[in-house]
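Contents: one structure, followed by commentary.
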Amino acid sequence: MPKTQVAIIGAGPAGLLLGQLLHKAGIENVILERQTADYVLGRIRAGILEQVTVDLMDEAGVGQRLHHDGIVHHAIELVFRGERHPIQVDKLTGGKVVTAYGQTELTRDLMEARKAAGLPTVYEAADVSPHGFDGDKPVVRYRHGGQEHELQCDFIAGCDGFHGVSRATVKDKVTEYEKVYPFGWLGVLADVPPVSPHAIVYGNSERGFSLCSMRSLTRSRYYVQCPLDDKVEDWSDERFWDELKRRVDPHLAASIVTGPSIEKSIAPLRSFVAEPMRFGRMFLAGDAAHIVPPTGAKGLNLAASDVKYLSSALIEHYRERSAAGLDHYSDRALQRVWKAERFSWWLTSLMHRFPDTGAFEQRLQDAELEYLVHSQAASTSLAENYVGLPL
Ligand code: APR
Ligand code: PHB
């Protein structure tokens, strides 16, 4: 029966980054992915990287394109009541910045490095299922090419996202914490220059939330908050551009370059954490264990910090025969997860209009925005969470 040291379920950012870090440390691993590589690359996801994530890509030896094509941001902007307010995150955090680099490109870099190293990735692996992780001989079963397969391993990493099989396998051992938000985000991708290439713009208007972002200097990513029961077909490009302009200040609205959408979709928002993140010799990482509303751009960065903790613990196990890192993985990862969950919930609550908000609560939101942009202490708190708390 084929054997490896670490069986990784899922070839998204978490699985690929873990595989690359383990490979660099000489630890054998196999990734089992149920989709095709093209399907994985076809996903449109946020790409605002904390320095921790950039450093991890460098540690994995795949940071070259990121440093060449990534756009460094020293600030973000909040726009409300028709006025823009820059938050100079670098000055407020002793020089920390974030980098805009699409998740698709990050995934591509990791896929190409894995292929170049000749590492085994089984795409279109069907009915993947983890077994025996309560003992010391876990196996992962799957079907591929019309045949049943079994992969023996020392450890299983469940990097299979929110709808994966890993957490589902231990659902009776998991405590779930969830909050679903009463609105969605309508996102548009367009090959037009971003209106604010060096700072993401977060808007709160009486019409709802908006966000001005980018994938490169020639490809923009915009969002507007929309009702949960809206359908993409309700939103023509013209209606989208008109609505976006109504939600930002007049000068910014006049500067937005519009164009045909190349992707348009509506995504729901949820906060979700599953505890614990370890089950014997199986460990959850990334979206398999937690989900954040995209407002704080923490999803990819949390996947990266989980992978940093887990890869370090596995390397320590094999090199020093120590179980300390593995025994502390879940508590350590969850400490950072919950701080990012809090920040993502807070920024979502601050920047969106909620259907059931009364007049008093709306005034509180207005007051918090004014306090935030005029208080160095409040802006510093926003900035240090946005650039990423220390590992
Ligand atoms: N068997 C094998 N692979 C699976 C299975 C399964 N049963 N279920 C899911 N997968 C694969 C998916 O096809 C996907 O490629 O696992 C991968 C999980 O990747 P992601 O969902 O991208 O999760 P993760 O790697 O943790 O990355 C988190 O992605 O969703 C965004 O906002 C999130 O940016 C964050 C990042
Ligand atoms: C994005 O570019 O998709 C993006 C940027 C910042 C966010 C969320 C999404 O907070």
Side-chain angles (χ1 to χ4, degrees), residues 7-19 30-49 53 71 73 76-77 98-104 106-107 110-111 121-130 140-144 156-169 185 187-189 194 196 199-203 209-216 219-223 263 265 267 269-270 272 284-307 310 340 343-344 347-348 351 386:
I8 300 171
I9 305 177
L16 288 164
L17 183 55
L18 178 62
V30 176
I31 295 182
L32 303 171
E33 165 58 52
R34 75 174 166 192
Q35 304 291 357
T36 64
D38 286 345
Y39 185 96
V40 174
L41 284 174
R43 294 186 182 119
I44 305 291
R45 295 274 172 70
I48 297 297
L49 310 187
T53 305
I71 305 167
H73 286 181
I76 61 172
E77 287 194 15
V98 294
T99 303
Y101 187 66
Q103 178 173 312
T104 303
L106 178 142
T107 305
L110 287 163
M111 276 185 184
T121 307
V122 181
Y123 286 102
E124 297 181 279
D127 300 328
V128 176
S129 60
V140 180
R141 297 195 183 105
Y142 64 96
R143 198 159 33 79
H144 186 257
I156 300 170
C159 301
D160 46 350
F162 184 66
H163 301 290
V165 65
S166 303
R167 191 180 74 250
T169 301
W185 277 19
V188 159
L189 200 62
S196 173
I200 306 284
V201 182
Y202 295 83
F209 172 78
S210 63
L211 192 150
C212 302
S213 183
M214 73 227 55
R215 291 293 174 268
S216 70
R219 177 167 286 190
S220 297
R221 181 65 166 168
Y222 292 106
Y223 300 92
E263 193 272 346
S265 53
L269 279 70
R270 89 175 63 237
F272 175 87
L284 304 183
D287 275 14
H290 42 73
I291 295 287
V292 285
T295 322
K298 291 301 171 194
L300 178 54
N301 294 297
L302 274 182
S305 50
D306 288 350
V307 164
L310 183 54
F343 172 68
S344 303
L347 193 58
T348 299
M351 298 306 294
Y386 194 84

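None of these values were measured; they are calculated from a predicted model. Sequential numbering from 1 along the given sequence is applied to the chain's residues. Order of listing sets the numbers, starting from 1, for every ligand and every atom in it.
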Looking at [atom], what's its closest protein heavy atom, distance included?
atom                    : result
atom 8 (C) of ligand 2  : P294 O, 3.2 Å
atom 2 (O) of ligand 2  : S213 OG, 2.6 Å
atom 9 (C) of ligand 1  : D160 O, 3.1 Å
atom 36 (C) of ligand 1 : Q103 OE1, 3.6 Å
atom 19 (O) of ligand 1 : G12 CA, 3.6 Å
atom 6 (C) of ligand 2  : Y202 OH, 3.5 Å
atom 3 (N) of ligand 1  : R34 N, 3.2 Å

Checklist entry - Is the shortest distance from a heavy atom of C159 to ligand 1 less than 4.0 Å? => result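 Heavy atoms of C159 do come under 4.0 Å of ligand 1.
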Checklist entry - Hey, is P13 one of the residues with a heavy atom under 4.0 angstrom from ligand 1? => result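 Within the 4.0 Å threshold, so yes.
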Checklist entry - Name the one of I9, V40, V128 that satisfies side-chain contact (heavy atoms from CB on, under 4.5 Å) with E33? => result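 Answer after filtering I9, V40, V128: V40.
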Element-labelled atoms of ligand 1 that are located less than 4.0 Å from some non-hydrogen atom of [X]:
X    : answer
V165 : 7 (N)
R43  : 12 (C), 13 (O), 14 (C), 15 (O)
Q35  : 13 (O)
G286 : 26 (O)
G164 : 8 (N)
L300 : 34 (O), 35 (C)
I9   : 1 (N), 2 (C)

Does the N or O separation between [X] and ligand 1 drop below 3.5 Å for any pair?
X    : result
A14  : yes
G161 : no
H163 : no

Identify, by atom number and element, the atoms of ligand 2 in contact range of [X], meaning under 4.0 Å from any of its heavy atoms.
X    : value
I48  : 5 (C), 6 (C)
A46  : 1 (C), 3 (O), 4 (C), 9 (C)
R221 : 3 (O)
R215 : 1 (C), 2 (O), 3 (O)

Next on the checklist: Is the ring pair F209/Y202 parallel, tilted or perpendicular, if the boundaries are 30 and 60 degrees?
Outcome noted: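 Ring orientation of F209 relative to Y202: tilted.
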Checklist entry - When you look for heavy atoms under 4.0 Å from ligand 1, do you find them on the side chain of V40, its backbone, both, or neither? => result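 Just the side chain.
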Are any of the side-chain heavy atoms of [X] and [Y] separated by less than 4.5 Å?
X    : Y    : result
L269 : P294 : yes
T107 : P13  : yes
K298 : H290 : no
S265 : I44  : no
R141 : D127 : no
I76  : V98  : no
Y142 : R34  : no

Next on the checklist: Please determine whether side-chain contact (heavy atoms from CB on, under 4.5 Å) holds for the pair F343 and V292, giving the CA-CA distance in whole Å, both sets of side-chain angles, and the decisive distance to 0.1 Å.
Outcome noted: CA-CA 9 Å; F343 172 68; V292 285; over 6 Å; no
Next on the checklist: Main chain of G286, side chain of D306: is a donor-acceptor contact present, judged purely on distance under 3.5 Å?
Outcome noted: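 Yes; judged by distance alone, with no hydrogens or angles, the pair exists.
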Checklist entry - T36 side chain to E124 main-chain N or O, any donor-acceptor pair under 3.5 Å? => result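 Side chain of T36 to backbone of E124: no pair is present.
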For [X] and [Y], work out which heavy atoms get closest and say how close.
X    : Y    : result
L18  : L310 : CD2-CD2, 4.0 Å
S213 : P194 : O-CB, 4.0 Å
G10  : I31  : O-CG2, 3.5 Å
G158 : S166 : CA-OG, 3.2 Å

Next on the checklist: Evaluate Y386 for polar contact with ligand 2, using N/O atom pairs at a separation under 3.5 Å.
Outcome noted: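 The answer is no, given that Y386 and ligand 2 share no N or O pair closer than 3.5 Å.
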Next on the checklist: Y223 versus ligand 2: do any nitrogen or oxygen atoms come within less than 3.5 Å of each other?
Outcome noted: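 So ligand 2 has an N or O lying under 3.5 Å from an N or O of Y223.
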Next on the checklist: Assess the residue pair T53 and T99 against the criterion (side-chain contact (heavy atoms from CB on, under 4.5 Å)); give the C-alpha distance rounded to whole Å, side-chain angles, the decisive distance to 0.1 Å, and a yes or no.
Outcome noted: CA-CA 9 Å; T53 305; T99 303; over 6 Å; no
Checklist entry - With backbone taken as N, CA, C and O and side chain as the heavy atoms from C-beta onward, which portion of L211 lies under 4.0 Å from ligand 2: side chain, backbone, both, or neither? => result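 For L211, the contact with ligand 2 is made by the side chain alone.
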Next on the checklist: Looking at non-hydrogen atoms alone, which of E33, R167, R45 comes nearest to atom 20 (P) of ligand 1?
Outcome noted: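 Ranked by closest heavy atom to atom 20 (P) of ligand 1, first place is R45.
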Next on the checklist: My understanding is that we take every heavy atom of each candidate and find the minimum distance to atom 32 (O) of ligand 1. Doing that for V128, L32, D287, which one comes out nearest?
Outcome noted: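 Nearest heavy atom to atom 32 (O) of ligand 1 lies in D287.
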Next on the checklist: Less than 4.0 Å is my threshold; does some heavy atom of R45 fall inside it relative to ligand 2?
Outcome noted: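 It does not, in that no heavy atom of R45 comes within the 4.0 Å cut-off of ligand 2.
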